[in-house]
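Notes follow the structure.
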Number of protein chains: 2
Amino acid sequence: MPNVPSPTVHTDLRAHHRKLTRPRQAVLAIITAATRHLTPAEVYRQAKVQYPHLGLTTVYRTLDLLVELGYIQRIHLEEGCHSYAPTARPHGHHLVCSECGRAEEFAECDLDTLVRALQTRTGYEIQVHVLELMGRCPTCQTKSRPLRARKK
Amino acid sequence: MPNVPSPTVHTDLRAHHRKLTRPRQAVLAIITAATRHLTPAEVYRQAKVQYPHLGLTTVYRTLDLLVELGYIQRIHLEEGCHSYAPTARPHGHHLVCSECGRAEEFAECDLDTLVRALQTRTGYEIQVHVLELMGRCPTCQTKSRPLRARKK
DNA sequence: TCCTAATTGAAAAACGTTTTCAATTACTAG
DNA sequence: CTAGTAATTGAAAACGTTTTTCAATTAGGA
């Protein structure tokens, strides 16, 4: 049962003189239903099932569009930057293990106070923040501390 | 006045059977003196002044090495992922204007509570945090506000 | 139903990054 | 100080990802 695009998306698109095409529906269905962040290539592969004629170029363009409209957000990971995730889940920050690359996601970030103070002091209008934490995950802590962890 | 590599780096390298070569010295001088994050390409351009024969490949390799040794850290920004910044200066955070690229630096960041909570919850040993804020600086705010900033 | 602007996909170009490899270089042992 | 060796180098090529180009197609308002 293919995901029916929410009426809101439809309306939003119309408001911007954009069209709700079949390729877009396919991309939308995949990315909004995603339980984890997906790379454009992953979205492409999955959305092709629903609409086999889909082109990769269109996936990129649609993801851009959805970010613009605020339906999804672009996130940055250590390995192969640039994944996308539905905005529904309020914005995820990441805690990344610097040894094995494993990552945990967390939502809370108590930056409002800081952001407000900085806005006042600098006059900037702060729109986005990127917060990344790095450390060693429990598993890597148990392994002997690696003197020379060479990446293959 | 070319930056003399700190004796510590020298020692660290020797301990790992690595060499302190001229190309590495050039990269080291640039990245450790950087007042803001630099992309590999920027490091390349700047380090070439000191050592014109430098190759881009070597810049990538040296940056990797310095991250491994903990002298610099890789950070992720919205535009053109992957920049590097010296770890030395205990964390300077940046507030970057997304229009003109101007950046302010700030030191305070009240993440201790968050960090402690996350350590408890996830079992990670959190070592580093990167916090970047983006917005519009006062000057750019006075310029016409872009209703639909289309990326060129 | 027609018209037009928006959208599409394929191919090619443009990135940023990594790999390969023969030549060079810095350190170490003698 | 010199020779030997392993680490390092840069150019070129390979790579994967993202963007651009462009003619053909399509959705939705008139």
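Here is how names work: the chains are called A, B, and so on, in the same order as the sequence lines, proteins then strands, and each is numbered from 1.
Looking at heavy-atom distances under 4.0 Å, L56(A) makes contact with a base. Within the 4.0 angstrom heavy-atom criterion, only backbone atoms of the sugar-phosphate kind lie near Y51(A); the bases stay farther away.
Under 4.0 angstrom from either OP1 or OP2 of dT18(D) there lies at least one side-chain N or O belonging to Y60(A). Contact between the side-chain N/O atoms of R24(A) and the OP1/OP2 oxygens of dT7(C) is found at a separation under 4.0 Å.
Residues that satisfy the side chain to side chain donor-acceptor pair (under 3.5 Å) test with Q119(A), not counting sequence neighbours, are absent from this structure. Every residue two or more places apart in sequence or in another chain that forms a side-chain contact (heavy atoms from CB on, under 4.5 Å) with Y60(B) is listed here: P40(B), L56(B). Under the side chain to side chain donor-acceptor pair (under 3.5 Å) criterion, R14(B) pairs with H10(B), sequence neighbours left out. Legend: residues meeting side chain to side chain donor-acceptor pair (under 3.5 Å) with Y44(A), ordered by chain and number and at least two apart, are K48(A). With sequence neighbours excluded, no residue forms a side-chain contact (heavy atoms from CB on, under 4.5 Å) with V49(A).
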How does protein reach along nucleotides 25-30 of chain C, written 5' to 3' as B (base within reach of a heavy atom under 4.0 Å), S (only sugar-phosphate), or - (no contact)? BBSS--

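In this structure, K48(B) places its NZ atom 14 Å from C1' of dT9(D), rounding to the nearest Å. To the nearest angstrom, C1' of dT17(D) lies 11 Å from CZ of R74(A). Taking atom CZ of residue R61(A) and atom P of nucleotide dT17(D), one finds them 18 Å apart after rounding to whole Å. Across the protein-nucleic acid pair, H17(A) atom NE2 and dA30(D) atom C1' stand 14 Å apart, rounded to whole Å. A straight line from CD of E68(A) to P of dT7(C) spans 11 Å, rounded to a whole angstrom. Separating the NE2 atom of H53(A) from the P atom of dA24(D) is a distance of 15 Å, rounded to the nearest angstrom. If you take CG of L65(A) and C1' of dA27(D), they are 15 Å apart, rounded to a whole angstrom. In this structure, H16(A) places its NE2 atom 17 Å from C1' of dG28(D), rounding to the nearest Å.
When all heavy atoms of A47(A) and L54(A) are compared, the pair lying nearest together is CB-CD2, 3.5 Å.
In this structure, V67(A) and Y84(A) have side chains that are in contact, with non-hydrogen atoms separated by less than 4.5 Å.
When the nearest nucleotides of DNA chain D are assigned to T57(B) and P23(B) by heavy-atom distance, the more 5′-ward of the two goes with P23(B).
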